[in-house]
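Here is the structure we will look at, set down as structure tokens.
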Amino acid sequence: MTKQDHQHVDICHRDQLTRLSRIAGQVGGISRMIEEGRYCVDILIQLRAVRAALKKVESNVLRKHMQHCVAQALGNGEEALAKVEELVHLFETEQD
């Protein structure tokens, strides 16, 4: 893949920046919670929320990669796109 191709893909991921900014704010909030000595369960709940948000970003980036890069490499036939969606779904439902 050329650098120009990567720039195209990077544009596809720009929509994740808002979500990542929100996650950064959540992490800062967790730091403040720890500094303030907040209840452990409240901290754990926020940590799980951040993990879930990061997993969503990961899933979105994976989906874009599969839809653009991988599908292009396989050919943009309907069967290839169906297999891409199948793999994305598999990764989305992956258990920790």
Side-chain angles (χ1 to χ4, degrees):
M1 184 175 280
T2 68
K3 186 173 181 110
Q4 187 176 29
D5 292 335
H6 269 82
Q7 288 171 344
H8 172 73
V9 173
D10 292 342
I11 291 169
C12 294
H13 300 310
R14 289 185 197 273
D15 55 343
Q16 298 308 309
L17 292 175
T18 301
R19 190 180 302 267
L20 288 168
S21 292
R22 195 173 317 123
I23 292 168
Q26 286 179 288
V27 171
I30 293 169
S31 293
R32 286 188 296 281
M33 290 175 77
I34 290 172
E35 289 170 353
E36 295 168 359
R38 298 277 298 271
Y39 185 53
C40 295
V41 172
D42 293 338
I43 294 168
L44 290 168
I45 290 169
Q46 292 305 309
L47 287 168
R48 291 188 60 83
V50 167
R51 240 176 51 191
L54 282 171
K55 186 170 176 126
K56 184 65 176 172
V57 170
E58 177 186 28
S59 176
N60 289 340
V61 171
L62 174 65
R63 178 179 301 280
K64 292 287 186 177
H65 175 67
M66 297 291 284
Q67 288 173 337
H68 295 280
C69 302
V70 174
Q72 183 178 7
L74 295 174
N76 284 323
E78 221 166 288
E79 186 177 349
L81 292 175
K83 293 299 179 187
V84 163
E85 284 302 314
E86 184 178 51
L87 286 173
V88 170
H89 179 71
L90 175 70
F91 280 97
E92 286 176 342
T93 58
E94 177 183 58
Q95 298 296 317
D96 292 324

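Bear in mind that the values here come from a model prediction, so they are computed numbers and not experimental data.
- With sequence neighbours excluded, the residues satisfying side-chain contact (heavy atoms from CB on, under 4.5 Å) with V57 are Q16, R19, L20, I23, V61.
- When the salt bridge (charged side-chain N to carboxylate O under 4.0 Å, His left out) test is applied to E79, no partner is found at least two apart in sequence or on another chain.
- Contacts of Q26 classified as side-chain hydrogen bond (donor to acceptor under 3.5 Å, both in side chains), with partners at least two apart in sequence or in another chain: none.
- Using a 4.5 Å cut-off between side-chain heavy atoms of Ile, Leu, Val, Met, Phe, Trp and Tyr, V41 falls into a hydrophobic cluster with Y39, I45.
- Counting heavy atoms from C-beta outward, T18 and R22 have side chains that approach closer than 4.5 Å.
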Show me the donor-acceptor pairs, under 3.5 Å and distance only, between side chains in residues 28-36 and residues at least two apart or in other chains.
residue: S31; atom: OG; partner: V27; partner atom: O; Å: 3.4
residue: R32; atom: NH1; partner: G28; partner atom: O; Å: 3.3

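- Of the charged side-chain nitrogens involved, none lies within less than 4.0 Å of a carboxylate oxygen, so that K55 and E58 do not count as a salt-bridged pair.
- Applying the salt bridge (charged side-chain N to carboxylate O under 4.0 Å, His left out) test to K56 and every residue at least two apart in sequence or in another chain returns nothing.
- Put simply, the side chain of E85 reaches to within 4.5 Å of the side chain of R63, judged on heavy atoms.
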